[in-house]
Amino acid sequence: MSELPSGGIVAAPDAPHAALSKPLAGAEPTRAQAIALLATPELTAELLATAGALRDRAWGRTVTFSPKVFLPITNLCRDRCTYCTFRKDPDDPDAWTMTPDEIAAWSARGRALGCKEALMCLGDKPEAAFPAYRATLAGLGHRTTAEYVQRACAIALDCGLLPHTNAGLLTRDEMARLKEVNVSLGLMLENVSPRLRARGQVHQWAPDKEPALRLRMLREAGELRIPFTTGLLLGIGETLAERVDTLFAIRDLHRAYGHVQEVIVQNFRAKPTIPLADASEPAADDIARTVAVARLVLDPEVSVQAPPNLSPADHALLLAAGVNDWGGISPLTPDYVNPEAPWPHVAALAATCRAAGYTLAERLAIYPAYVDRPGFLAPALRARVAALAGETRTAPGGVEASA
């Protein structure tokens, strides 16, 4: 046994080779083997080939994306992660809480452009930190942000979109209420290591990034039978072992409840206005190896996603690594979390997929497997999902539509 420079114990030198022989035979890598695969760059080609074969076996030759409107309901947040440019304080000139009229106008414009998803993205519990925001909520007729998000989702539904909410930590009761107006919910686990909450680490001033709290929300979402999106964030000071532990935690929760429909492998991007402005970004091969290990560790039916706007030069590499989904892409709104990273043109992304032997297809914010699974879709939303699933649009570049 030996110690990795990045932390964690790995198995004997032949462990990575053994790990690559397992998945195609129906077995799975151990924790030590998964760590070793991340730490063995010379096996990158073999690792990606194995992950790509597993993706093809489970998902065929179709890679998906969700045409969406990104609605930043509020960018106020009580957390202060050292890599974030999204969050603002109330006195910041860029602070913004969307009004109901803005939500309706943007939703209608997005629907007219062919969007099917309304992504509700916002900061964690700003009402717990800012009296001025509590006054804003009261003026809108609400006590909590979760209540206001429920109203925003109803507005988006009326405009013909299917809401997917990522509102940070939510209580079990809040998720139960949001399930009635959302086809899926999301929460980035980011990393399960409590070490990242310590003094000097990225989540020191982010109480809502406590791993135990986020794991509890993922578990409660499973108990509520909510189709769920989660994922890990690369390059925030984590070790390779901590990445693998995060993947194993997600896998175990999905095996207990069957609710994790997609896992995002997202890479940190340095920005000039953040405390981590000079931090190193994960290298392309490192991201690809992590995508591939995610494909090996997670169950076959779990979608593995990588944001295309955060790796604009590496789409072919990510396809080779085993992604089967690109996440949401908007024809209307920027990525407010990474505003410096524009969405790719769908036609160009379709051409990249085509060159690699894949078809790029639209999907809904709820994956087909969950539409008819008992208890996973609120009855009031079933007709709306069926109507959008029945649309057959073909976008420039030969993009096929699918549910």
Side-chain angles (χ1 to χ4, degrees), residues 71-81 84 86-87 97-98 103 118-131 133-138 140-157 162-192 194 197 203 205-231 246 249-250 252-254 256-262 264 365-366 370 375-381:
L71 299 174
I73 302 303
T74 183
N75 58 10
L76 302 179
C77 182
R78 71 171 177 176
D79 294 331
R80 296 179 183 273
C81 303
C84 182
F86 177 77
R87 62 97 48 216
T97 296
M98 296 186 77
I103 294 166
L119 170 63
M120 309 288 173
C121 191
L122 52 147
D124 264 280
K125 298 277 191 304
E127 65 269 36
F130 305 122
Y133 176 69
R134 290 197 292 272
T136 297
L137 277 179
L140 291 167
H142 299 282
R143 183 179 57 86
T144 67
T145 303
E147 289 178 4
Y148 186 46
V149 170
Q150 187 172 356
R151 177 179 174 186
C153 292
I155 293 170
L157 281 168
L162 299 177
H164 166 87
T165 292
N166 189 334
L169 282 181
L170 296 166
T171 67
R172 184 189 182 99
D173 287 345
E174 287 170 340
M175 284 192 289
R177 289 192 291 270
L178 285 171
K179 181 181 178 180
E180 299 305 308
V181 289
N182 279 266
V183 295
S184 54
L185 297 179
L187 177 77
M188 287 292 282
L189 182 53
E190 296 195 7
N191 201 280
V192 294
R197 286 273 291 123
H203 293 152
W205 306 112
D208 298 292
K209 296 299 177 73
E210 186 65 47
L213 299 178
R214 296 174 93 76
L215 287 167
R216 182 179 70 188
M217 179 173 158
L218 264 68
R219 174 178 54 79
E220 291 176 343
E223 293 170 349
L224 291 167
R225 291 188 285 185
I226 295 173
F228 210 80
T229 295
T230 188
T246 303
I250 294 169
D252 291 346
L253 282 166
H254 176 70
Y257 301 104
H259 67 306
V260 178
Q261 63 175 4
E262 61 184 4
I264 305 170
I366 180 172
Y370 290 91
F376 276 86
L377 178 62
L381 302 180

Which heavy atom in [X] sits nearest to a heavy atom in [Y], and how many Å separate them?
X	Y	answer
Lys179	Gly375	NZ-O, 2.5 Å
Ile366	Pro227	CD1-CG, 4.0 Å
Pro126	Gly123	CD-O, 3.7 Å
Glu262	Thr229	OE2-OG1, 2.6 Å
Tyr148	Ile103	OH-CD1, 3.8 Å
Pro163	Cys153	CG-O, 3.6 Å

Hey, what do you get for [atom1] ([X]) to [atom2] ([Y]), rounding to the nearest 0.5 Å?
X	Y	atom1	atom2	answer
Tyr257	Leu224	OH	CG	10.0 Å
Leu178	His164	CG	NE2	11.5 Å
Leu253	Ile250	CG	CD1	8.0 Å
Cys77	Phe130	SG	CZ	7.5 Å
Leu215	Leu189	CG	CG	5.0 Å
Glu220	Met175	CD	CE	5.0 Å

[X] side chain vs [Y] backbone, donor-acceptor pair below 3.5 Å:
X	Y	value
Gln261	Ala365	yes
Thr246	Val192	yes
Lys125	Gly168	no

Any side-chain heavy-atom pair of [X] and [Y] under 4.5 Å:
X	Y	answer
Pro211	His203	no
Leu170	Met217	yes
Thr145	Tyr133	yes
Arg214	Leu169	yes

- Considering residues at least two apart in sequence or located in another chain, which fulfil the salt bridge (charged side-chain N to carboxylate O under 4.0 Å, His left out) criterion with Asp208? Arg78

- Of Asn166, Leu122, Thr144, which is the lone residue that meets side-chain contact (heavy atoms from CB on, under 4.5 Å) with Val149? Leu122

- The single option from Leu76, Thr74, Leu137 passing side-chain contact (heavy atoms from CB on, under 4.5 Å) against Glu127: Leu137

- Task: Show your reasoning for whether side chain to side chain contact (heavy atoms under 4.5 Å, CB included) applies to Gln150 and His142.
- Result: CA-CA 10 Å; Gln150 187 172 356; His142 299 282; over 6 Å; no

- Message: Is the ring pair His259/Phe228 parallel, tilted or perpendicular, if the boundaries are 30 and 60 degrees?
- Response: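 Tilted.
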
- Could you walk me through whether Glu147 and Arg151 pass salt bridge (charged side-chain N to carboxylate O under 4.0 Å, His left out), step by step? CA-CA 7 Å; Glu147 289 178 4; Arg151 177 179 174 186; over 6 Å; no

- Task: Please indicate whether Arg172 has more than 12 foreign heavy atoms, meaning atoms of other residues, nucleotides or ligands, lying under 6.0 Å from its CZ.
- Result: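 Check passes, neighbour count above 12.
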
- Item | Worked verdict on Leu381 versus Leu157 for side chain to side chain contact (heavy atoms under 4.5 Å, CB included) | CA-CA 9 Å; Leu381 302 180; Leu157 281 168; 3.8 Å; yes

- Derivation of the side chain to side chain contact (heavy atoms under 4.5 Å, CB included) call for Asp79 and Arg87: CA-CA 8 Å; Asp79 294 331; Arg87 62 97 48 216; over 6 Å; no

